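For reference, the structure discussed in these notes is given below.
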Protein chains: 2
Amino acid sequence: MDWSSVQLRSLVELRRRGTVTAVASALGYTPGAVSQQLGALERSAGVPLLRRVGRRVELTDAGLALAGHAQRILDIEAAATAELEHSAGRIAGELQMALFATAVAEILPAMLARVGETHPDLVVRSRELVVDDVYDAVASGVVDLAVGLEYPDVPIRRDPSLRVVLLYRERFSLAVPAGSLPWDGPVSLARTGPPLGWILPPEDTHYGLAIRTVCRRAGIEPELRHEVVDTAVSLALVEAGIGISTVTDLMLRLRPSRFDVLPLVERFERHIVAVVRASAEHRPNVAAVVEVLRDLARD
Amino acid sequence: MDWSSVQLRSLVELRRRGTVTAVASALGYTPGAVSQQLGALERSAGVPLLRRVGRRVELTDAGLALAGHAQRILDIEAAATAELEHSAGRIAGELQMALFATAVAEILPAMLARVGETHPDLVVRSRELVVDDVYDAVASGVVDLAVGLEYPDVPIRRDPSLRVVLLYRERFSLAVPAGSLPWDGPVSLARTGPPLGWILPPEDTHYGLAIRTVCRRAGIEPELRHEVVDTAVSLALVEAGIGISTVTDLMLRLRPSRFDVLPLVERFERHIVAVVRASAEHRPNVAAVVEVLRDLARD
DNA sequence: CGAGACGATTTAGATTCTCTAAATGGACTG
DNA sequence: CAGTCCATTTAGAGAATCTAAATCGTCTCG
């Protein structure tokens with residue numbers, strides 16, 4: 001019997017998530033790849049580990065038992081990694097991280113510069129992920145650290161094994177085409193009805209849900225005119241006079257725009273946070289980079 | 001940090017054996033491969049794991065610590081394998097084994113036939129190894145089961161984690177060119193001096209050491225005429241009148257020969273044994289195949 | 001002291017693994 | 001019953017990892 005790290009991770013994630021597709025997206029593979037890995041693991045185990053049930057798949061008893069062992073192996077791996085970093089006596093080695101698009105553009109460069117100065121032996125590798133995916137990436141061990149977003153006014157449950165460190169607190173403002181509203185003081189969402197249409201992210205994203213929730217609390221249902229995922233695209237549409245949206249400073253830094261930005265009466269915030277596994281919180285490399293992020297945030 | 005099974009095994013074996021070359025031969029790789037694997041492990045660890053000391057290499061503190069974790073992971077793997085086999089409720093899956101050359105020819109076929117009948121879902125994979133290497137192959141986990149040889153009159157220390165099961169007990173006889181000795185009763189090694197020269201395996205093999213030791217106990221130093229590793233080649237040389245050697249029934253079965261076979265006065269035996277790791281002794285697949293071997297031996 | 005053995009490492013190249021993309025085929029859903 | 005969801009299979013591209021051979025430092029022994 002011979003296994004790979006990927007196979008063990010796939011099995012453990014399958015227990016958590018229940019579908020091959022979900023495992024694949026959590027681990028950053030295609031479903032086909034995960035299916036093949038699990039197939040290989042099953043062949044080398046000699047015992048069925050999965051059972052098709054309806055259009056999905058379920059772990060057999062043997063699969064569950066093996067997943068338990070796999071989890072223990074991954075735990076040892078985590079402990080070994082932490083111990084290696086401690087024993088190095090200095091910050092060195094590699095750290096995998098994930099960031100949402102805007103953070104890659106606006107935070108990563110300064111962070112890398114600072115890490116390069118203070119911890120020259122640490123190599124930080126990063127990948128850009130859709131913001132709602134970075135939590136899973138951390139939880140499943142694909143990355144050690146992520147920069148993500150929280151909407152404290154519309155909180156959602158996170159995996160309890162995750163720890164979140166506040167970096168920046170940003171207040172949302174209303175972005176409206178230049179001159180389209182006759183005043184420039186604080187605006188209530190309740191007064192954003194027609195003819196102003198909304199440019200919104202899909203409701204199945206945390207951001208999309210948060211905007212809608214805040215609007216509903218203010219007593220309006222935002223009229224979806226254009227569903228847009230990309231932040232810069234949203235801003236371009238507002239600038240073009242197509243509709244209204246919400247913005248933060250970081251979003252404006254990414255794409256300086258010519259439209260009116262009005263404070264909101266309603267409280268609507270987002271937090272830019274660092275996300276780590278609780279078990280990795282005290283790893284020197286992880287702690288060091290989190291510290292760099294906090295330092296940058298303080299400036 | 002990501003690692004493979006091979007890397008962990010290499011590290012653990014390096015702690016046991018001390019040289020990359022020894023690890024390589026124990027795991028069935030070239031030294032270059034092991035060196036590269038350890039290098040990759042070291043890179044992903046970010047900390048030096050090895051230190052060159054003279055012409056060999058030594059584990060650093062970090063390397064030792066990691067080897068400890070690796071050992072624990074391999075232990076879990078072993079436990080998981082055993083549990084999977086138990087949970088299968090029947091003998092199924094794969095079993096890796098190693099045999100010395102003669103055993104491949106004379107034992108493996110019957111064994112596979114019997115396994116095929118009684119455990120049709122079990123796939124046995126085998127490799128031929130030089131007999132002195134099969135113990136390491138079992139101990140290091142490269143195979144689960146081996147057929148090896150013991151020389152009870154000239155015992156040597158084995159890894160204490162190994163268990164040995166007696167299959168066949170064979171008495172050595174003296175093989176001499178036809179008609180070269182004027183009697184045909186039991187012969188003492190003490191009377192094998194010139195003009196009869198010996199055909200011997202190298203002294204750094206267990207067999208070679210055993211013959212020499214037994215001869216010395218009988219008061220003679222066997223005169224090495226031709227050093228030969230391969231059993232069939234030895235017999236061919238005796239048949240050709242080149243010298244004398246020792247033989248067993250199994251060796252004669254492998255290569256029926258025309259020379260005189262005389263009983264020895266001195267006790268000189270070898271045992272054909274099954275070799276397993278103590279920790280794998282009770283794995284259903286392992287126990288099943290050992291049982292088949294014992295059954296065959298009883299016939 | 002110098003030649004040879006030993007042991008680790010590096011390199012180039014071949015093989016094997018393992019991904020992705022796309023096609024396939026059940027199974028739910030409305 | 002058409003469309004969607006999900007797992008799997010396939011072919012092929014790219015990456016990982018092995019071997020063989022060369023290299024280099026170190027030890028041993030005449």
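A quick note: this is a predicted structure, and the numbers were derived from the prediction, not measured. Lettering follows sequence order; numbering is per chain, from 1.
- Between B:Tyr29 atom OH and C:dT15 atom C1' the separation is 14 Å, expressed in whole Å.
- A:Ser35 places no side-chain N or O within 3.5 Å of a backbone atom of A:Pro31 that could act as its donor or acceptor partner.
- The distance from atom CH2 of A:Trp3 to atom C1' of C:dC17 is 17 Å, rounded to the nearest whole Å.
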For a side-chain hydrogen bond (donor to acceptor under 3.5 Å, both in side chains) check, start with the C-alpha distance between A:Asn285 and A:Glu85, then their side-chain angles and the critical distance, and finish with the verdict. CA-CA 7 Å; A:Asn285 292 5; A:Glu85 288 181 10; 3.3 Å; yes

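- Looking at B:Glu203 and B:Arg216, a side-chain N of the basic residue comes within less than 4.0 Å of a carboxylate O on the acidic one, giving a salt bridge.
- Distance CG (B:Leu27) to C1' (D:dT17): 14 Å, rounded to an integer number of Å.
- Taking the charged nitrogens against the carboxylate oxygens, A:Arg9 and A:Glu13 have no contact shorter than 4.0 Å, which rules out a salt bridge.
- Going from atom CZ of A:Arg9 over to atom P of C:dT18 covers 15 Å, rounded to whole Å.
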Write down the protein N/O and nucleotide N/O pairs, taken from nucleotides 4-11 of chain C, whose separation is under 3.5 Å; answer none if there are no such pairs.
unit_1	atom_1	unit_2	atom_2	d
C:dA8	OP1	B:Val20	N	2.6
C:dA8	OP2	B:Val20	N	3.3
C:dA8	OP2	B:Thr21	N	2.7
C:dA8	OP2	B:Thr21	OG1	2.5
C:dA8	O4'	B:Arg52	NH2	3.4
C:dT9	OP2	B:Ser35	OG	3.0
C:dT9	O5'	B:Ser35	OG	3.4

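- What separates CG of A:Leu49 from P of D:dT8 is a distance of 12 Å, to the nearest Å.
- Donor-acceptor pairing under 3.5 Å is recorded for the side chains of B:Tyr135 and B:Glu150.
- With sequence neighbours left out, the side-chain hydrogen bond (donor to acceptor under 3.5 Å, both in side chains) criterion links B:Arg72 to B:His69.
- If you take CZ of A:Arg17 and P of D:dC6, they are 14 Å apart, rounded to a whole angstrom.
- D:dT17 atom C1' lies 12 Å from atom CZ of B:Arg43, rounded to whole Å.
- With the nearest nucleotide of DNA chain C identified for both A:Gln37 and A:Val53, A:Gln37 has the one nearer the 5' end.
- Rounded to an integer number of Å, the gap from B:Glu58 CD to D:dT26 P is 15 Å.
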